Undergrad: 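Following this message is one structure expressed as structure tokens.
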Amino acid sequence: MQSEHQMQGEHQMQGTRQVQGTRQVRVVTSPPAVTSGGGSAPLPPSAQARLALALAAGKAAEAASKALRAGGGTSFPGTVAHRIDPHILRKIAAASDAGKVVVTGSNGKTTTCRMLAALAQASGLTVTQNRSGSNLLQGVISAAVRGADLRGRLDAQLLLLEVDEATVRQVNPQVRPHTFLVTNIFRDQLDRFGELYSMAKGLEEVIEALPASATVVLNGDDPLVASLAPAARARRLYFGIQADSAGLPEPEHAADTIRCVRCQHPLSYRAVHLSHLGDYWCPECHSARPALDVAVTEVRSSPEAGSKITVQTPQGAFPLDVPLAGLHNVYNAAAALSCAIALVLPRPLEPAGARAALARLRPAFGRLEEIQAGDRQVVLAFVKNPTSYNATMREVLQRPGRKHVLAAHSNTVVDGEDFAWLWDVDLEQLVPRLASLTVSGTRAEEVMLRFKYAGAEPGSTLVIHDRAAALRAALTRTPPGESLYIFAGYTPMRELRSIMQRHAWVSPFWEE
Amino acid sequence: MTAAPMTVRICYLYPRLLSVAGDRGNLFALMQRCAWRGIRYSVTEADVGVVPDFAETDLILLHGGQDREMTAAAQDLAAKSGALREAIESDAVVLAVCAGYQLLGRYYAPPEGPPIHGIGVLDVVTEGGPKRFIGHVAVHCDLGPGSQHRLAGFENHSGRTYLGGNVRPLGRVLAGAGNNGEDGTEGARYREVYATYLHGPVLPKNPWLADHLLSRALAHHYQDVSPLAPLTDRAEVQAHGAALRLARRPAGRWRAAAAAVSRIGPPARMPATRPAGNARTTDKVTGWTSR
């Protein structure tokens, strides 16, 4: 009852939202033309020649780095091609009639893109994407180069790009997406993005630049994301969780943005689902979570099997099996389904087809990825901010027994310079369950220090900078038949994975 | 030394409002370093609307936040300022970081919007600048005879703070920007107030500063105390050393190369080790701020 009242208050405050909420079944008026071939006006010969040269060089770079097994060429081809033709991304995007989706946000980009690709393929679309999460400009260009022929034409009918929150300012004007998704905004690499709000401001500018024919898909449960660019022309689609059973009573420590975006008063929550994500309202100015267009109304989770969910959408109810554990993956599924609904697909999305497509999904590499390492098992977890670390750790701690852990962080352009955020991770919950701890990466000392103050015994912790040696030592400390849990930042995760790949324990991530 | 166990009374101001970059690590450091020595501690959290009993407080923590959290804190701090000022004048120990530092000063004038007024107990003013200072910092600190130290940490601020008459700098910048990127000073000291731009967990990796604050806090509670029992600070010393090395890396494009050369231990032996971005400059959003 109270919520209804709050929602009405919200509608009075913002007339536009009311329209949003009541338009249950909306027709996409200006669909992205999802056909291959075609394209815009031809480029002048010199521009076309430069593009062809850049594409050839990029493709050669990719072939070379694959032959040398140097990381599968997720960003090097883009570096080469961009050096030759700085406008390559704009040219490829403009020459193609493919549907274009850009996904950004702090957490969940890679998994959401994989889910969306599965949904799109189930509806008969071919997809080009930067699947391995290489989401800075060079990674995005590498994906475009890989998907294009030498004339710069994309073979695929859907160009699906996950883009870093800061890089999106460069990418969006070049790609001109039909659908733009913001998954959530958590504190993530503040040393790169400055303050949370300046990053939000950057995203607002990106959303405001979208044309009226585009759709912006926003996490309605994230107060900061839901309030982005309210006056933008693009159609808005909100997703979120409407199942009270899934909530916690109050935000956890690492929660950001728990004050009202409009009036600064602390927000109240009817349910908190993950960090600051939930069903919120402001007791002061009576703003509240917007009416959800795509709402997860039922969640039944188990730590091993993932979640069975029901999602209400403008195209009907979708009962889905999310095979990846954790409520964050429920959000990812809702986000992916929202984007699939925003796109016009050759065949309408069938609940049964969507369900089968998602159920087949394997974790993206490094997302609690289970790897058989000889007679031991490795569970590889990519962690990059307090929210992702806490969520992943909670999943791991649901499994019984004491844990052998390898924790690794390095300072790189991708991972950032400042690891202060490690102190916002509730490692105090992990330490009492440790069976052994090994720390690694170029910032091993910082990781060690954090674990020491969380209660870990420094005398029994190994500090080994070299990733290969650290992995060897950590596996040696893990008895046969047991699991080693690896919590690592992006770069050390990739390094550790490629070591395991050389042992043939795991296939290369670009073949994933 | 008194026979009964001693207690440090800690007040943690705005634990939710002003806590942006692992700032609670400072609290963890103080708590653990007490616990490891058998010193008792109490922690009082005081958020908006709560005025703690500053007269019964030995050590006050006031951390960083973004501009709008800082505005909310400034409004609330006005209600706490009388008691807080009295506590500071009677030598309660304060660690103030980033926005917390600015809030103890006279004002912070952000690039947009009206100035945010602090309580003015520190004679400092802060002006918003066009460029953020983001990067590793090393500072030479002189806490008195026989107590010279290097402070290592990370800064991320656009405010430029200028020191007035009643304060001394916390130290001299060896690497990084410090107060304003101009005069080579970092932080401020006034009585037992220690203010700094080194955000996040500055105390765990500078255990000498954590222990200095603790011993001054005990002195505040018990007037006369013996030196703190030494601890095994191997992890702390190594993290401090690593942070200093990061701060003293050469600037700009040579940074990656130099880091590769000076990296402790052999580099991991796999081709993909080279992080996707190290050789790249175009994607960088923020520059390395060395002077």
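FYI, side chains are in, hydrogens and waters are out, and symmetry mates aren't considered; it's all heavy atoms of this structure. Predicted model only: the values in this text are computed from it and were never measured. Residue numbers begin at 1 in each chain, while the letters A, B, ... track the order of the sequences.
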Undergrad: With a 4.5 Å cut-off on side-chain heavy atoms, are Asn411(A) and Leu246(B) touching?
TA: yes

Undergrad: Identify the two heavy atoms, one from Phe28(B) and one from Tyr453(A), that lie closest to each other, and give their separation to 0.1 Å.
TA: O-CD2, 3.9 Å

Undergrad: Which bit of Ala29(B) comes within less than 4.5 Å of chain A, counting heavy atoms only: side chain, backbone, both or neither?
TA: both

Undergrad: In terms of heavy-atom proximity below 4.5 Å to chain A, should His199(B) be classed as side chain, backbone, both, or neither?
TA: side chain

Undergrad: Can we say Lys452(A) and Glu236(B) salt-bridge, meaning some charged N sits less than 4.0 Å from an Asp/Glu carboxylate O?
TA: yes

Undergrad: Looking only at heavy atoms, what is the nearest atom pair of Leu449(A) and Ala239(B), with distance?
TA: CD2-CB, 3.7 Å

Undergrad: Are any of the side-chain heavy atoms of Glu446(A) and Lys205(B) separated by less than 4.5 Å?
TA: yes

Undergrad: So with a 6.0 Å cut-off around CZ of Arg150(B), is the heavy-atom count from everything else above 12?
TA: no

Undergrad: Of the listed residues (Arg234(B), Gln32(B), His157(B)), which shares the most heavy-atom pairs with chain A below a 4.5 Å separation?
TA: Gln32(B)

Undergrad: Less than 4.5 Å to any heavy atom of chain A: does that hold for the side chain of Ser158(B), its backbone, both, or neither?
TA: neither

Undergrad: So, for Trp423(A) and Gly25(B), which heavy atoms are closest and what is the spacing to 0.1 Å?
TA: CE3-CA, 3.4 Å

Undergrad: Can you tell me which of Arg33(B), His240(B), Met31(B) forms the most heavy-atom pairs within a distance under 4.5 Å of chain A?
TA: Arg33(B)

Undergrad: Would you find more than 12 non-hydrogen atoms of other residues, nucleotides or ligands less than 6.0 Å from His87(A) atom NE2?
TA: no

